Amino acid sequence: MKVLIVGGGGREHTIALKIAENPQVTQLYAAPGNGGMAALCQCVPLKATDVAGITAWAKENAIDFVVVAPDDPLCLGMVDALSEAGIPAFGPNKAAAIIEGSKVFSKNLMKKYGIPTAAYEAFTDFDAAVAYLQTAEMPIVVKADGLALGKGVLICNTREEAVQAVSSMMKDEKFGASGRSVVIEEFLTGPEVSVLAFTDGKTIKPMVSSMDHKRALDGDAGLNTGGMGTIAPNPCYTPELAERCMQEIFLPTVAAMNAEGRTFKGCLYFGLMMTPKGPKVIEYNCRFGDPETQVVLPLLKSDLLTIMQSTVNGTLAETPVEFDDGAACCVVLASGGYPVSYKSGYVISGLEAAAEDALVIHAGTKKTDEGIVTAGGRVLGVVGRCKCLPGAISKAYAAARKISFTDMHMRSDIGQRALRELEAQTK
Ligand code: AMP
Ligand code: GLY
């Protein structure tokens, strides 16, 4: 079987490693891939957003199955184009990917079907948004409607900040067309949990829960990033909360998308907050999370390709989705200056030594004649696995410290919040 993976980050490298475990896979391709994926995939120099180019290439090369991993090609309709060309593809079609592509859509969906989320108002008119802010309670959260690389969410403590946030999105078009509509929503508090779930539109099977660390610096300080590290499972997500989320959020979301004529197939990502009033949805993503995937998939015992095929064929109910009961921790090694500005092209050393006792996942890397060099903001994810979380954290950091490149930056506290939660539970 010939399988193509669309994308080139840490998430896609992790997916590739897992798919390569299936003995039916004879050849793996990645478009565009990265320096680490090049070791197990043939990398095709096409952009992940090139719907027509990738579809034509997949057809010409008789690809049997495509995994579309990033949000933008999904929202652009890559799965629709591949299906029309007769190539089965993992991921939602364009109509369903809107659950991530438009926050106004997802908030209205939750309101209509009674799925718990923060109270909100949506605006397309700047003056109406500003008028609303005059009487709204602070802090408040301002979100750009469309895709914004995870940066379109601003938490505002004062009215002035909130007006400034709305102005930057609607007037200055800081996020382009994505910010022409905005959602202004209630500020919620509580531990955050990420849950990725496979669904074929009938059955939904959640994966092991995880916790992201979005801020750039230790102690959750600094700017929001795409994610500086993750742990799984998330100790805040108790079996009782998992059952509540299944009944109040996961099943109702699948049913709501069906009722809207937008059946979702693929991986649905629930960004959840465990508030004092119960679990609420902070965001939906129409794909695997990055770097959540780096800790979730290494714990998957069942065959990933078989599960992915079952979401396309509608046979997920009969397909096992089982996880190891151990823990995993991913520490992201980033380029100094990320998420604002950084330099690339630095040679990375210590990769082999780090891989002795951890999984070294490539994100922004490139294979060159000088060796593997940095080629992005988030460069690597170093994943430690162990029976328990403290062991997974130690293994990830021990391996991460063997790697170096100019201006390398990592957080030193990935997993510490989860450890404090575990301690509190055993007291
Ligand atoms: P998002 O890009 O929607 O995941 O938002 C980024 C981060 O902003 C989330 O992980 C939360 O930490 C925070 N956030 C988003 N919405 C809210 C909210 N309504 N209340 C509090 N924090 C929020
Ligand atoms: N780690 C958050 C995301 O993938 O959106």
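Counting starts at 1 for both ligands and their atoms, in listed order. Keep in mind it's a predicted model, so treat the numbers as computed, not measured. Numbers here simply count residues along the sequence, with the first being 1.
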Under 4.0 Å between a side-chain nitrogen and a carboxylate oxygen: does that hold for [X] and [Y]?
| X | Y | answer |
| --- | --- | --- |
| Glu260 | Lys112 | yes |
| Arg417 | Asp220 | yes |
| Glu423 | Arg420 | no |
| Asp413 | Arg411 | yes |
| Lys107 | Asp145 | no |

Distance-only polar pair, side chains of [X] and [Y], donor-acceptor under 3.5 Å:
| X | Y | answer |
| --- | --- | --- |
| Glu292 | Thr230 | no |
| Ser412 | Asp218 | yes |
| Asp80 | Asn93 | no |

Ligand 2 atoms in contact with [X] (distance to a heavy atom under 4.0 Å):
| X | answer |
| --- | --- |
| Glu292 | 1 (N), 2 (C), 4 (O) |
| Gly289 | 4 (O) |
| Asp212 | 1 (N), 2 (C) |
| Asn285 | 3 (C), 5 (O) |

Taking 4.0 angstrom as the limit and counting only heavy atoms of [X], give me the atoms of ligand 1 inside it, by number and element.
| X | answer |
| --- | --- |
| Lys103 | 3 (O) |
| Lys214 | 4 (O), 10 (O) |
| Glu283 | 1 (P), 2 (O), 3 (O), 4 (O) |
| Ile282 | 15 (C), 16 (N), 17 (C), 18 (C) |
| Lys143 | 3 (O), 15 (C), 16 (N) |
| Val153 | 1 (P), 2 (O), 3 (O), 5 (O), 8 (O), 15 (C) |
| Phe187 | 20 (N), 21 (C) |
| Val141 | 16 (N), 17 (C), 18 (C), 19 (N), 20 (N) |

**OP:** Answer with side chain, backbone, both or neither: which part of Thr230 has a heavy atom less than 4.0 angstrom from an atom of ligand 2?
**Re:**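 The answer is neither; Thr230 stays 4.0 Å or more away.
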
**OP:** Of the side chain and backbone of Met228, name the one, both, or neither that has a heavy atom under 4.0 Å from an atom of ligand 2.
**Re:**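 Answer for Met228: neither.
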
Original post:
Considering distance alone, does some N or O of Lys214 sit under 3.5 Å from an N or O of ligand 2?
Top reply: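 No; the residue has no nitrogen or oxygen that sits under 3.5 Å from a nitrogen or oxygen of the ligand.
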
**OP:** Give yes if a backbone or side-chain nitrogen or oxygen of Arg287 is under 3.5 Å from a nitrogen or oxygen of ligand 2, and no if not.
**Re:**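 Between Arg287 and ligand 2, an N or O pair is found under 3.5 Å apart.
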
**OP:** Tell me which part of Ile155 gets within contact of ligand 1: side chain, backbone, both or neither, using heavy atoms under 4.0 Å.
**Re:**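 Ile155 to ligand 1: side-chain contact only, backbone stays beyond 4.0 Å.
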
**OP:** Pick one of side chain, backbone, both or neither for how Leu188 approaches ligand 1, counting any non-hydrogen atom pair under 4.0 Å.
**Re:**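 It is both backbone and side chain that touch ligand 1.
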
**OP:** Using the six-membered ring wherever Trp is involved, compare the ring planes of Phe198 and Phe288 and label them parallel, tilted or perpendicular (cut-offs 30° and 60°).
**Re:**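 Phe198 vs Phe288 ring planes: perpendicular.
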
**OP:** Check the angle between the aromatic planes of Phe123 and Tyr132 and answer parallel, tilted or perpendicular using the 30° and 60° thresholds.
**Re:**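 Geometry flag for Tyr132 against Phe123: tilted rings.
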
Original post:
Is the side chain of Arg378 donor-acceptor paired with the backbone N or O of Ala363 at a distance under 3.5 Å, no angle test?
Top reply: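 A pair under 3.5 Å: no.
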
Original post:
Is the cationic atom of Lys143 (NZ for Lys, CZ for Arg) positioned less than 6.0 Å from the six-membered ring centroid of Tyr120 and within 45 degrees of its normal?
Top reply: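 Here Lys143 fails the 6.0 Å and 45° test against Tyr120.
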
Original post:
Gly226 near ligand 2, heavy-atom distance under 4.0 Å?
Top reply: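 Within the 4.0 Å threshold, so yes.
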
Original post:
Do any heavy atoms of Tyr269 fall under 4.0 Å from ligand 2?
Top reply: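 Tyr269 counts as a contact of ligand 2 under the 4.0 Å cut-off.
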
Original post:
Do any nitrogen or oxygen atoms of Asn224 lie less than 3.5 angstrom from nitrogen or oxygen atoms of ligand 1?
Top reply: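 There is no such contact.
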
**OP:** Can you figure out which of Arg215, Lys280, Glu192 has its heavy atom closest to atom 12 (O) of ligand 1?
**Re:**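 Checking each option, the heavy atom nearest atom 12 (O) of ligand 1 is found in Glu192.
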
**OP:** Would you check if the distance from the ring center of Tyr284 to the ring center of Tyr269 is below 6.0 Å?
**Re:**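 Distance test on ring centres: not under 6.0 Å, no.
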
